[in-house]
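In what follows, chains carry the letters A, B, and so on, assigned in the order in which the sequence lines appear, proteins first and then strands, with residues in each chain numbered from 1.
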Amino acid sequence: MASTTTVTPGRTVRKVQPIPQTRNRLELALWLFMRYSGLALVFLALSHFWMQHVLIGTHEIEFAGTQLRWGITGQPVTVEQVIWRAYYAVMLVLAVTHGINGVRQVAYDYFGHRPAIYKGLMSVIVAVAALISLGGIAALFMGAAASGGEAALR
Amino acid sequence: MKINLKIKRFNPETDKKPHWETYAVEVEPTDRVLDALHDVKWNQDGTLALRRSCAHGVCGSDAMRINGRNMLACKVLIQNIAKDGDTITVEPILGLPVVKDLIVDMEPFFAHYRAVMPYLVNNDPLPANGRERLQSPADRERYDDTTKCILCAACTTSCPSFWARGEYVGPAAIVQAHRFIFDSRDQAAQQRLEILSAQDGVWRCRTAFNCTEACPRGIQVTKAIGEVKEALRTGVIR
Amino acid sequence: MPQYHQFDALVVGAGGAGLMAALYASKGVNTAVISKLYPTRSHTGTAQGGISAALGNLEEDKWEWHAYDTIKGGDFLCDQDAVDIMCREAIDAVIDLEHMGLPFDRTPDGKISQRRFGGHTNNETKKPVMRACHAADRTGHMILQTLYQNCIKNNVKFFDEFQVIDVLIEDGKCNGVVAVQLATGEIHVFHSKATLIATGGFGKMWKVTSNAHSLTGDLPAAVLRRGLPLEDMEFFQFHPTGVYKLGILLSEAARGEGAVFINDKGERFMERYMPTLKDLAPRDICSRCIYTEIREGRGIGGKDYVYLDFRPEQINKYFEADGNPKRIDAHYLETRLPDIIEFARVYQGIDPIKEPVPIQPTAHYAMGGIPTDNDARVLADETGRIVEGLYAAGEVACVSVHGANRLGTNSLVDLVVFGKRGGIAMAEYCKQASFRPIHRDAAAKAGAAQLDRIRNNNGNERPHAIRKEMQAVMDEKVGVYRTGAGLEEAIDKIHELQARYKRIRIDDKGFKWNTDLMEAWELGALLDLAEVTAFAALARTESRGGHYREDYPNRDDVNFLKHSMVWKNGTITLKYKPVRITRIPPQERKY
Amino acid sequence: MFTPLITTARESLRYRGSGHVLWLLHRVTGLGVVIFLGTHIFGMSMATFNPPLHEAMLAVYKTPLFSVGEIVLAACLIFHAVNGTRIAILELRPALWDKQAVATRWSVIITLILLAPTIAVMAFKSISYYVTHGLK
Ligand SMILES: Cc1cc2nc3c(=O)[nH]c(=O)nc-3n(C[C@H](O)[C@H](O)[C@H](O)COP(=O)(O)OP(=O)(O)OC[C@H]3O[C@@H](n4cnc5c(N)ncnc54)[C@H](O)[C@@H]3O)c2cc1C
Ligand code: HEM
Ligand code: SF4
Ligand code: F3S
Ligand code: FES
């Protein structure tokens, strides 16, 4: 702080208290989350995309491949399959939360002035997203259905 | 040279909706767009309404959208945006209610300005020798950029976040807050940062960068916003 | 429906003077500020170079030296007691501004930085002194912002974009003003115990001017129409360094940092005229020297302009010639004069770091205006009788601290010192005075009638044509050089224009934001002021400060060491009052 | 109710600033990826809960319309990833804002560099698939 008789050359550095209001802290946390999850997703999402959609190619994706990576419902899983499951689980959680918060931001921009609509919209989106991702997670940990392969062979 | 001025007109006493009107004007290439608007107002159609005062880019009255971008009409020379025979479009800035022709209601803008405590707070006793508070040149330099702001609103009304949601405090108010947060003599950084951390505060800034591009005073607006965000994040003002 | 408001104190105008007054008045009584512009758009914001105060932060300085320089710069027409007050209180006023948060540039040891400015000297060595406190080259901007910020902090009440068109004066007492709300066109009557006028300059009489479009002398014209006098209207300052053709100001700060004038021959001609102060001689002198060069054919390419040269290597060359050890580079100039350099780049396409800049004198500052005493109380006549409840401060007022020619930076000093004194005086007055009754409907009707007359007038003259002709004749005949014959022609022309003004016709017949109407109304004010200016100039058959008569090239202290007062009640009356000389007897003005 | 949306959509296209173009693209691509992600997770989870539906969806993936959509998805994802990285890095280090113009240029260039081979491979694979399998 400026003194009255002498001045320290160079720049003053000051500290402030952490921002106390939880609501505001949430905005900050989400803002940070968007950036860090984004950076993580660069590796996760891009590697997945390149693997599945470019290297293998959508046209080559068969149910059998999924069974191989996830394991099959009710059967023991290999170490490799656990790693695959973890990889997909992390990506799924990050992508969904990142995406949902993204949608929340967009919705707040355009519908924030109508709280009722905004809240309604957000509930629907969150509900649908929760359902889908729960399904996704469950599927991941249950593995692909054993019968699926047969269907593919038919 | 000859140019056409295509101006978005709106008269609240007769019109329901804005409409475009085009005027041919004879100008010098070194004339300002403001001169061309004056030519229309003074020689062709006196009903044209706009704000202006200083005519050299320091009072902040005449921010408007010229050829689709926010500028001060008095600070852009015709030769820099048009050739002989070209048409220049002029519209009011966006995101604030249009009152008449190029005049918008600035009140919401100033309300955001007032909301960030745009004044020095220092409750220490004044220096006993009756003289100035001291400040090192480096500390003074720290906030120099944001002291240039003339509150023209060119930045705020170029910001897509503000277009979407007028409650967003907007870059101009953040610039003003920055000017005080980073002033080593000030003691209210804490309160200002709290105000700016609200949902319609700095986090609404999506780093679109239009503001920096639009600022007629060359202020690094996005950088200033970034520094405020950094202070919020780290709790350190440096 | 007209609207009605009541406040103890009213301030008309939200520039430096108005805001300072409002800050101080609002500490004591219920105060409102009325301004036709958003406060931060006021012309104080354009002031560049600095605000002087004998802080002595970089070298020895005394407020008495500042006072002496001011009086000498004003060609001894200043009222010396007022100058003493100003220069003494300037020190506290500047410190006060710093405490309010003004971001002055700093010296290495953290104090307010100061620079040289025209006419400011060390009285002993006669050399220029560093007295102008500055915040880069936007000192006025920072003053205006800081004062507005403090008004917000203190919850001062503002009526933004309300244009005052009449002052309510009855029995020699002021009871408020009548204003029109620009957004709606509605008439508002403001009833007050005390009213302070701080509406700034009125340079739009001239074409080449540094003044804003809004500086149209609305209030001086209104008080003139209400039978009050204006003082020293013949003294208007022409600043030597306006951007060629546009008149945009390039502050004296440029010369304070070392820039020099150059004529067609590449010669630093000020050396010839003013061997000691050279390019930092007062403005009236520099402007005349430039015109003399032009008239003698040494304007650039024989045309009507000269160069202002602030190329770093040239500045260093002249520093060396002057024996000044200082050396500068392009970076130094870019940080000390960023705005000025940008003006040249934007408006002339010239980079001042690489090329000299074409400049021309530009109509700049009204030394004259509404006569006041040292507490900003408006005077009713040459005897010093005051108009109760009416105050004026800032450029619009004539205290008179600037005499016949204002020194650079002294206007900002004037604003803060007399704005503050006015605010305090108003608050004190309001505490013991009561509201005088007014006829609010009649007042509103008269105000509305003024505007309706113009709105509904069915003539054939375009206001703009009249304005253009007025500005042309003022530039030509009532400019830097004046002659008796020229002034008479100017008066005839203005009378003709006033007659034509009665037959104007405007396009916009509406109420909301009718800028067509307000501009036409402002033109009426300018014509009145142009008329009394030319009249006062014609009567003063001497040359002094900003008023230069080619037919009377010498100062005449025997007959004209006095202030003029001009009335316009149907016809124009001129009277004179003595100059208050306390310490410094008039002497020849050499630099 | 839709005014802010409509104004922003219209004026975002009309405004001539350069900054918000990337902002708009980031937003649109982000939303695009969200929608795809939703259906994708749904489809994948059917591998567990409803294999025939999963099969059916895989089949849809193998239609030309979807192949084109998939290339668009690639563009969206890659742009969003690169631009998002730019935003994240710059914003976590405001001192770098001076380099904004450079950063913007590079995010476009890097997007194109990553996108070109990706599209080439995807297009090649799709076309050869339709050549050998014919259109269904
Ligand atoms: C380009 C330039 C540079 C300058 N540089 C310097 C410098 O470096 N140092 C220095 O000391 N001086 C400088 N000056 C002079 C100085 O800036 C002015 O004299 C001073 O700012 C005038 O201040 P003010 O408060 O009297 O009026 P202004 O700041 O002009 O304010 C006038 C106010 O009155 C209001 N107003 C006017 N008419 C009406 C009406 N009818 N109804 C309601 N409100 C009305 C306006 O809205 C405005 O708020 C400079 C001047 C110019 C033009
Ligand atoms: C691949 C790496 C990714 C990175 C680096 C990334 C980065 C970012 C960043 C930094 C933001 C914040 C933008 C802002 O606040 O201005 C953001 C927003 C967003 N992201 Fe991502 N993201 C990535 C992947 C994804 C994925 C996979 C999705 C879809 C599920 C997605 C959907 C969104 C959405 C909808 C937004 C909101 C857009 C907006 O507010 O304008 N992103 N992203
Ligand atoms: S930051 Fe720049 S654009 Fe924004 S209000 Fe201030 S001067 Fe205008
Ligand atoms: S345009 Fe808007 S989104 Fe941020 S960078 Fe500027 S405030
Ligand atoms: S008129 Fe003052 S900024 Fe343009």
Side-chain angles (χ1 to χ4, degrees), chain B residues 11-14 30 32 38 41-43 45-61 75-77 79 99-101 103 105-106 110 113-114 117-122 126 130-137 139-140 143-144 147-151 179-180 183 185-186 218, chain C residues 37-38 40-43 45-46 55 92 94-95 98-101 103-113 135-136 138 141-142 145-146 149-150 152-153 160 183 212-215 243 246 248-249 339 342-343 346-349 462-464 467 506-508 510-516 519:
Chain B
N11 181 346
E13 289 166 275
T14 55
T30 52
R32 300 157 269 195
H38 270 153
K41 179 167 180 55
W42 290 339
N43 298 319
D45 184 351
T47 60
L48 178 66
L50 67 147
R51 291 192 182 98
R52 85 280 180 270
S53 182
C54 72
H56 64 287
V58 287
C59 75
S61 297
K75 215 180 169 178
V76 42
L77 303 191
Q79 64 186 12
V99 180
K100 182 174 180 181
D101 294 343
I103 296 178
D105 179 6
M106 296 290 287
F110 278 103
Y113 165 77
R114 289 191 296 266
M117 305 173 64
Y119 39 79
L120 189 86
V121 176
N122 184 327
L126 294 173
R131 301 290 291 205
E132 63 265 42
R133 292 196 178 95
L134 300 181
Q135 183 170 49
S136 75
D139 277 344
R140 165 64 181 80
Y143 62 99
D144 188 65
T147 64
K148 295 180 191 156
C149 175
I150 54 176
L151 297 170
R179 177 248 172 275
F180 291 100
D183 186 337
R185 298 169 298 171
D186 183 77
Chain C
L37 305 172
Y38 268 105
T40 56
R41 319 274 185 240
S42 302
H43 208 54
T46 65
L55 298 178
D92 276 350
V94 166
I95 302 282
E98 196 283 333
H99 293 162
M100 288 188 204
F104 282 111
D105 289 354
R106 299 289 167 155
T107 64
D109 52 357
K111 295 184 198 152
I112 296 173
S113 172
R138 55 190 126 84
H141 165 77
M142 289 326 320
Q145 296 278 331
T146 303
Q149 289 156 4
N150 278 275
I152 299 221
K153 189 176 179 180
D160 295 331
H213 285 286
S214 56
L215 292 180
V243 167
L246 295 178
I248 297 170
L249 195 79
D339 284 2
E342 177 164 326
F343 292 149
V346 171
Y347 296 107
Q348 293 175 301
R462 280 196 84 85
H464 177 57
R467 180 168 44 227
I506 58 171
D507 295 338
D508 195 338
F511 283 82
K512 295 187 177 165
W513 267 109
N514 190 340
T515 51
D516 202 16
E519 280 187 11

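- Under the 4.5 Å side-chain criterion, counting only non-hydrogen atoms from C-beta, C:Tyr38 is not in contact with B:Leu151.
- Side chain of C:His99 to main chain of B:Arg131: a donor-acceptor pair is present (N/O by atom type, distance under 3.5 Å, no hydrogens or angles).
- Considering only heavy-atom pairs separated by less than 4.5 Å from chain B, the leading option among C:Tyr347, C:Phe104, C:Phe343 is C:Tyr347.
- Counting heavy-atom pairs closer than 4.5 Å to chain C, the top-ranked of the candidates B:Arg140, B:Met106, B:Arg114, B:His38 is B:Arg140.
- Ranking C:Gly45, C:Ala212, C:Gly110 against chain B, the residue ahead of the rest is C:Gly110, based on heavy-atom pairs under 4.5 Å.
- Using a 4.0 Å cut-off between charged nitrogen and carboxylate oxygen, C:Glu342 and B:Lys75 count as a salt-bridge pair.
- Note that CD of B:Glu132 is 4.0 Å distant from CD1 of C:Ile112, once rounded to the nearest 0.5 Å.
- Most heavy-atom pairs under 4.5 Å with chain C: of the set B:Asp101, B:Leu77, B:Val121, B:Asp183, this distinction falls to B:Leu77.
- Contacts between C:Gln348 and chain B at a heavy-atom distance below 4.5 Å are absent for every atom of the residue.
- The pair C:Asp508-B:Lys41 fails the salt-bridge criterion, with no side-chain N (NZ, NE, NH1 or NH2) lying under 4.0 Å from an Asp/Glu carboxylate O.
- Of the residues considered (C:Pro103, C:Ala136, C:Ser113), C:Pro103 shows the highest number of contacts with chain B, using heavy-atom pairs under 4.5 Å.
- C:His464 and B:Trp42 have parallel rings, their planes meeting at less than 30° on a 0 to 90° scale where 60° marks the start of perpendicular.
- Judged purely by distance below 3.5 Å, without hydrogens or angles, the side chains of B:Lys100 and C:Thr515 never pair a donor atom with an acceptor atom.
- Among B:Gly57, B:Ser61, B:Ser136, the residue making the largest number of heavy-atom pairs under 4.5 Å with chain C is B:Ser61.
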